There are 2 protein chains.
Amino acid sequence: MTTPHFSGVAVTVDVVVLTIRDDELQVLLVERGIEPFRGMLALPGGFILPDEDAEPAARRELVEETALDGEGLYLEQLRTFATPHRDPRGRVITVAYLAIAPDLPVPAGGTDAHAARWQPVSSLLSGAVALAFDHLEIVEHAVDRARSKLEYTTLATAFCPAVFTMTELRRVYEVVWGVSIDARNFHRKVTNADDFLEPTGERRVLETGRPAALYRRGAARSLFPPMLRAAFPPVPAADPRS
Amino acid sequence: MTTPHFSGVAVTVDVVVLTIRDDELQVLLVERGIEPFRGMLALPGGFILPDEDAEPAARRELVEETALDGEGLYLEQLRTFATPHRDPRGRVITVAYLAIAPDLPVPAGGTDAHAARWQPVSSLLSGAVALAFDHLEIVEHAVDRARSKLEYTTLATAFCPAVFTMTELRRVYEVVWGVSIDARNFHRKVTNADDFLEPTGERRVLETGRPAALYRRGAARSLFPPMLRAAFPPVPAADPRS
DNA sequence: TCAAAAGTGTTTAACTTACACCCATGT
DNA sequence: ACATGGGTGTAAGTTAAACACTTTTGA
């Protein structure tokens with residue numbers, strides 16, 4: 001008790017990177033090249049270096065394993081998982097991070113990057129795709145956290161590129177929560193919230209329809225009044241016709 | 001990269017126990033008996049055992065160091081602090097926990113319990129009382145978390161004993177947020193929220209005034225609609241007269 | 001009968017919701 | 001002209017804030 005127990009414990013970081021692709025919430029995974037769980041999908045992550053803080057370690061592992069740069073990437077600590085036998089190799093404690101990225105095309109192709117790929121979150125929660133270690137539990141925590149923080153913070157903008165339209169922002173809420181939101185009331189609500197959005201003055205011309213105003217993230221980090229999930233109807237099931 | 005780095009890192013837990021005493025938010029501290037920071041105040045905590053999960057370790061250290069039993073104690077993981085030189089003895093990473101207790105008289109007297117004592121949070125934030133290691137930063141995070149969670153969860157009941165009055169519950173919000181709340185609207189709001197409170201049917205007779213109805217915690221963990229801090233006026237400065 | 005604290009009812013203002021309607025562009 | 005998506009106005013409904021008032025106790 002008088003001296004630290006430097007007794008056979010290792011500390012890792014694991015990162016849950018969420019994004020929206022193809023109108024779905026997706027998470028960035030890597031294929032494990034070594035035992036244990038060789039060939040299975042896992043969260044990007046690795047050991048903290050002897051003189052490194054946890055957050056820089058998370059950013060470093062992300063670059064090394066997925067070639068996803070921290071450029072404009074939102075990153076926050078999620079929680080630490082320390083269940084005794086969560087890693088068959090021994091006592092390994094992991095500090096999990098939640099990251100949120102705009103829909104950047106990750107070099108999922110032939111580069112190194114341990115075969116990094118985007119995977120729909122729904123395919124993990126349904127059990128259709130299995131994850132190594134306790135990484136499914138970590139993803140569940142990350143998704144819960146993201147869903148909560150959309151309510152009281154301006155986190156939704158982290159899913160958008162530096163400049164985005166009102167509809168892109170609204171789709172973030174709709175996809176992450178699985179709800180449908182009235183575009184007109186949404187517009188009023190977010191433009192009324194102080195410093196949530198900053199108009200660029202520019203407009204984006206789409207294939208069809210009236211050009212949409214473009215916005216940047218504002219300075220606010222908390223959102224008042226909050227956007228409450230419970231106020232929106234769940235999205236209707238996809239129509240099997242057409 | 002193929003084998004865990006079991007390289008000289010130690011993992012501890014530290015616990016921020018908050019309570020309300022004398023109409024003030026207070027935190028449970030112990031006096032350090034050994035170097036480093038001998039004689040200074042610190043959070044209760046210690047090393048995780050080789051085959052122990054983090055949360056049981058937090059409960060165990062609390063019992064060992066402060067004789068505060070986990071009986072009815074709310075406990076949740078706060079976050080992990082891994083700044084390289086936060087402990088002068090070497091690489092020590094700590095998993096911090098937030099606990100909330102009703103106003104239990106802790107055996108702060110002659111027992112072992114490393115001279116555990118309650119300390120007003122304000123005396124720490126003002127710098128009047130110093131803490132060992134980075135424990136001030138940990139307390140700040142804990143207080144922020146508690147203040148936030150009062151808004152969207154039923155956490156406030158964790159500050160109250162098993163059976164409590166409406167006024168005791170309201171004082172939790174007022175003290176933790178430093179606001180003043182209309183007793184009548186508060187009453188209506190919390191009794192309307194589903195499963196926040198469960199009436200016992202009993203009443204408590206005070207020294208003066210009409211007896212207050214007694215309540216128990218209900219089953220709900222989230223609070224809807226939320227109780228928003230921003231909606232309440234800050235408490236006026238104490239009146240120097242009288 | 002008074003003081004003090006608990007609890008109810010009512011008015012008024014603020015906010016949300018739903019939706020009719022208008023705007024700006026490409027084809 | 002019309003289809004498509006962007007954006008504004010507004011009326012109805014809902015919620016919350018302020019506070020007068022009643023209830024129940026001890027002194």
Side-chain angles (χ1 to χ4, degrees), chain A residues 23 151-152 160 163-175 177 179-194 196-216 223-236 242, chain B residues 23 150-152 160 163-175 177 179-194 196-215 223-236 242:
Chain A
D23 264 2
E151 299 198 290
Y152 335 107
C160 299
V163 161
F164 53 90
T165 68
M166 192 59 78
T167 297
E168 288 175 318
L169 182 65
R170 181 167 47 83
R171 286 303 295 158
V172 171
Y173 284 91
E174 293 185 327
V175 168
W177 285 346
V179 300
S180 97
I181 300 179
D182 185 286
R184 301 157 292 186
N185 292 334
F186 180 84
H187 184 280
R188 192 187 353 252
K189 183 150 192 168
V190 300
T191 50
N192 282 351
D194 289 350
F196 188 5
L197 300 183
E198 186 182 307
T200 64
E202 304 288 306
R203 306 184 151 268
R204 174 181 299 163
V205 175
L206 283 310
E207 318 80 54
T208 175
R210 174 175 171 175
L214 290 171
Y215 299 89
R216 253 189 297 276
L223 177 58
F224 187 85
M227 187 88 63
L228 298 173
R229 259 179 289 188
F232 300 105
V235 75
S242 89
Chain B
D23 264 3
L150 288 192
E151 298 198 292
Y152 326 107
C160 299
V163 161
F164 52 91
T165 68
M166 192 58 79
T167 297
E168 288 175 318
L169 182 64
R170 181 167 46 84
R171 287 303 294 160
V172 171
Y173 283 92
E174 293 185 326
V175 168
W177 285 347
V179 300
S180 96
I181 300 178
D182 185 286
R184 300 155 295 185
N185 291 334
F186 180 84
H187 184 281
R188 192 189 351 254
K189 185 150 190 169
V190 299
T191 49
N192 281 351
D194 289 351
F196 188 4
L197 299 183
E198 185 183 307
T200 63
E202 304 288 307
R203 305 184 150 267
R204 173 182 297 164
V205 176
L206 284 308
E207 319 80 53
T208 176
R210 173 175 173 174
L214 289 171
Y215 298 89
L223 177 59
F224 187 83
M227 187 87 62
L228 298 174
R229 259 179 290 190
F232 300 104
V235 76
S242 86

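Order of the sequence lines fixes the chain letters, A, B, ..., with proteins taken first and strands second; residue numbering starts at 1 for each chain. Every value quoted in this text rests on a predicted model; they were computed, and no experiment measured them.
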### Query
What residues, two or more places apart in sequence or in another chain, satisfy side-chain contact (heavy atoms from CB on, under 4.5 Å) together with B:Thr200?
B:Val163, B:Glu202, B:Leu214, B:Arg216

### Message
Suppose we screen for side-chain contact (heavy atoms from CB on, under 4.5 Å). Which residues come up paired with A:Pro225, at least two apart in sequence or across chains?
### Response
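Here no residue qualifies.
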
### Task
Summarise protein proximity over nucleotides 16-21 of chain D in one line of letters, 5' to 3': B for base, S for sugar-phosphate only, - for none, counting protein heavy atoms closer than 4.0 Å.
SBBBBB

### Summary
For B:Tyr152 and B:Pro226, the nearest pair of non-hydrogen atoms, with its separation, is CD2-CB, 3.9 Å

Between atom [atom1] in [X] and atom [atom2] in [N], what is the gap in whole Å?
X        : N      : atom1 : atom2 : value
A:Leu228 : C:dC15 : CG    : P     : 15 Å
B:Asn192 : D:dT14 : CG    : P     : 15 Å
B:Tyr215 : C:dA6  : OH    : P     : 11 Å
A:Phe186 : C:dT17 : CZ    : C1'   : 16 Å
A:Phe224 : C:dA14 : CZ    : C1'   : 12 Å
B:Arg204 : C:dA5  : CZ    : P     : 15 Å
A:His187 : C:dA18 : NE2   : C1'   : 17 Å
A:Phe164 : D:dG6  : CZ    : P     : 14 Å

Can you confirm whether [X] sits close enough to [Y] that some side-chain heavy atom of one is under 4.5 Å from a side-chain heavy atom of the other?
X        : Y        : answer
A:Arg170 : A:Glu174 : yes
B:Trp177 : B:Met227 : yes
A:Val190 : A:Leu223 : no
B:Phe186 : B:Thr191 : no
A:Glu198 : A:Tyr215 : no
A:Phe224 : B:Leu228 : yes

### Message
At 4.0 Å (heavy atoms only), tell me whether A:Ala183 reaches a base, stays on the sugar-phosphate, or touches nothing.
### Response
nothing

## Note on the structure
Residues passing the salt bridge (Lys or Arg N to Asp or Glu O under 4.0 Å) test with A:Asp23, sequence neighbours excluded, are A:Arg171

Which protein N or O atoms sit under 3.5 Å from an N or O of nucleotides 24-27 of chain C?
from	atom 1	to	atom 2	distance (Å)
C:dA24	N3	A:Arg210	N	3.4

### Query
Taking five pairs at each end, how big is the angle between the two axes of the helix from C:dT12-D:dA16 to C:dT27-D:dA1, to 10°?
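For the helix from C:dT12-D:dA16 to C:dT27-D:dA1, the axes at either end differ by 10°.
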
### Task
Hey, could you give me the CD/OG1 distance between B:Glu168 and B:Thr165, rounded to the nearest 0.5 Å?
4.0 Å

### Task
Look at A:Thr167 and D:dG5 and indicate whether a side-chain polar atom (N or O) is within less than 4.0 Å of OP1 or OP2.
no

